[in-house]
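Worksheet: one structure, shown below.
Just so you know, these numbers use all the heavy atoms, side chains as well, and skip hydrogens, waters and symmetry mates. All values derive from a computational prediction rather than experimental measurement.
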Amino acid sequence: MEEYAEKNKLKYGLVLALFFVFTVFFYGPTGIYLANADELRFGLGVVIKVSLIVSLVIFVLITVFSLIVPKKLFKWYMLLVFGVTLGFYVQGNYINHDYGVLDGSDIDWGDYTGYGIVNTLIWAACIILPFIIYLIIRKKDKELINKIVFFACIFLVVIQIPAFISQAASYKKKGKETLAITTKDMFSYAPQDNIVLFILDGMDERYYGDYLSRHPEFEADNEGFVHYDNALTGGARTMMAMPILYTGIPYNRQDTYSDYIDEVFKQDNLLEKMSKAGYEVRIYSETLFFSNDTAEDVENFELIKDPVTSKYMLARKLYKLSLFKFMPHFLKSRFWMNTAEFEEAMKRENDYEFNDIKFYELFNQQKLTIDKSKKKTFTVYHMEGAHRPFDMNEYGKASKAEKPGRRPQMAGVFRIVNDILSDMKEKGIYDSSTIMITADHGDMKRCQRIMLLLKEAGATGEIRYSHAPVSSFDFPIYFAGLAGETMTNEYGVDMLSLKDDDQRTRYLFRNSSDNSKLVVRKYVTNSDAADNDAMIQIDEYVDNAEKEPYVLGDRLGFDADDNGNAYAVEGFSLNHGFRTKIKGPLSTLLIPFAEKPDKTITCKIELHDRTPVKAERTCIIEANGVEVFRGIVNADLVAKGINFEIDPSVFKDNNLQLDFKFPDVPEEQMNLEMGDRSHTMSLVSIVME
């Protein structure tokens, strides 16, 4: 019988292809994904789909090539392919060096020359080993090598399967659908009956008054508005305020924030009311404040089942990362990458970005258009307003100032608003439109006082002033009324019925923090919105999140659902729904571990881009009193995040205390109230593995 007949070549070609493809092209990328799933937005399903397609193609190519290899050379081909694949298997599973987190930081390859030499020798051994075995056994049975290769391939595939199953079993399935806000019809209006709401984040009435003192022309040039100087927000800050604008229902921390959002939008809400009344509803904001259900009523909301927009780009990045793991040391630099590159596979051209500079660029490109097919529209523009980091100048462009300030930022914001109003006049829809310009919350004291301008459809004449005691709880009632619908809530009234000298009881729900517990404080006042001293706390809703033992690999999020905030014991300020601020010279987390680590762990800290970087403060992080990180808080650090290793020797018990120290901040700040200390960093998440 011919040793390498076509049938045998197919048999051995199939197992060689299986070993190579399963190790490098299937389990390689899926295993890497499963180990980092918490940090990636796409799900396991798309990874398996891409891996299976690529694996199938490579499998067929190797099998076909095996069939066309000449019979005389097939043995040497078989031994070479097996040896190289064995090298990949050993490299990927046993001899990979820890090069640190792939966060964009350069790797000094020259530091690893010694390891590279050892690595190369191991690779050489793997490749030569099959040939050595063949030379040893060929005198006894030259066909035995075929059986060895065949069963070795099967065995090395089989022993990888339990590890894959174990990783897959612990995978936490991502949500089936995620909400996306697009730029669809962003500046498109009906010929008449348009309602436009500008929400300028953090625009305190005092800030607006300061702006007017320097730019009185803003109100002089825009007729028909009423300036309410006694407006009180129902919620502060943004995560509290935004849902109230649409539902009138405050958050009291009885559930997680995401559960609250899901629940309130199942009840009467403004978006549903306006949609049912025939308005085309468009909201340009952040997804945090809306449930998936709102996609039914909002034209520019989409439910995305798969965030990946380019399977080709995902495959490229996935296999680049996989090959970085499997390649020998001296070839790894060709496959070095930043894991953030995966975002390139999820870019959507029409995604709305909460960024006033880009907002203005888009407006200048498109300008307003009148679509006669639209009967009536309800449009909300949520803008950065008076919020830090003050990265915009008075012309609505990126600030180049060394110390950008609030005043240029506000001048830029009102330039954008004024240009839109001017375009509405030019297009002939200003007079017939209802326009509100307001804030989600203020910024002074308890952030309770907000700016409020309202122009009703048909209103003309010079600006009028009102001292009526309005509240943002009134807004959904007002807008629903314009649509001929009815909305009520416990704290809101018909704002147009209020007179300047009316006395009214108003309420504020203020998100606050006491380090180890997050709270919502409920205030009541019968006085002016500016009278902070008249605000009386009447209730407190405490976050009772338990300090569950930390399991390696879990994500500690400092977002609305605050599972990370439960571990804060000092120096933590407000939770803003998507981040938490740390303040002063010292901030501390105390994290109980489910099990005391027995090996070095890597800690990855994601920072929010609102972390202040102008001061370039030194940051020192200590783990149980041992310094593990020292660096400068600058734009580069914020973009890359903080990464360091913790040796198991620092653990005396199952507890890990992380101290964030800022020696440039005066120690005297520890005697100040938390809100008065210097903002040093904004945390988004921490993952240790």
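Ring centroids of F593 and F651 are separated by less than 6.0 Å, placing the two rings close together. A ring-centre distance under 6.0 Å is not found for Y550 and Y567. You'll find the ring centres of W123 and F330 outside the 6.0 Å limit.
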Q: Kindly determine whether S682 and T580 satisfy side-chain contact (heavy atoms from CB on, under 4.5 Å), including the steps that lead there.
A: CA-CA 6 Å; S682 284; T580 193; over 6 Å; no
**Q.** Evaluation steps, ring pair (Phe, Tyr, Trp, His ring centres under 6.0 Å), between Y257 and Y251
**A.** CA-CA 8 Å; Y257 187 75; Y251 177 43; 5.3 Å; yes
Q. Can Y319 and F335 be said to form a ring pair (Phe, Tyr, Trp, His ring centres under 6.0 Å), step by step?
A. CA-CA 9 Å; Y319 283 105; F335 300 93; over 10 Å; no
**Q.** Test side-chain contact (heavy atoms from CB on, under 4.5 Å) applied to V633 and E616, step by step
**A.** CA-CA 5 Å; V633 181; E616 293 199 337; over 6 Å; no
Q) When you look at C619 and M681, which way does the side-chain contact (heavy atoms from CB on, under 4.5 Å) test go after all the steps? A) CA-CA 9 Å; C619 173; M681 196 176 283; 3.7 Å; yes
Q.
What verdict does the ring pair (Phe, Tyr, Trp, His ring centres under 6.0 Å) test give for Y94 and Y89, after you've listed the backbone C-alpha separation in whole Å, the side-chain angles of each residue and the deciding distance to 0.1 Å?
A. CA-CA 8 Å; Y94 300 109; Y89 170 77; 5.7 Å; yes
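N511 contributes no side-chain N or O that, together with a main-chain N or O of V520, makes up a donor-acceptor pair within less than 3.5 Å. Remark: side-chain polar atoms of T233 are paired, donor with acceptor, to backbone N or O of D440 under 3.5 angstrom.
Figure legend: cation-pi geometry between K581 and F572 absent, as NZ or CZ is not positioned both under 6.0 Å from the six-membered ring centre and within 45° of its axis.
A salt bridge is defined here as a Lys NZ or Arg NE, NH1 or NH2 lying under 4.0 Å from an Asp or Glu carboxylate O, and R407 with D210 meets this definition.
Considering H387, R237, R206 in turn, R237 is the only one that fulfils the side-chain hydrogen bond (donor to acceptor under 3.5 Å, both in side chains) rule with D443.
The minimum heavy-atom distance between Y260 and P250, with the atom names listed, is CE1-O, 3.4 Å. Of all heavy-atom pairs spanning I199 and L245, the tightest one is CD1-CD1, 3.4 Å. Summarising the geometry of I48 relative to T30, their closest heavy-atom pair is CG1-CG2, 4.2 Å, with the distance given to 0.1 Å. Across all their heavy atoms, R510 and R446 have their closest contact at NE-O, 3.1 Å.
Using a 30° and 60° split on the angle between ring planes, F629 and F644 fall in the tilted class, from 30° to 60°.
Checking H382 against S285 by side-chain atom types alone, a donor-acceptor pair falls below 3.5 Å.
Counting non-hydrogen atoms of neighbouring residues, nucleotides and ligands closer than 6.0 angstrom, the CZ atom of R406 exceeds 12 such neighbours.
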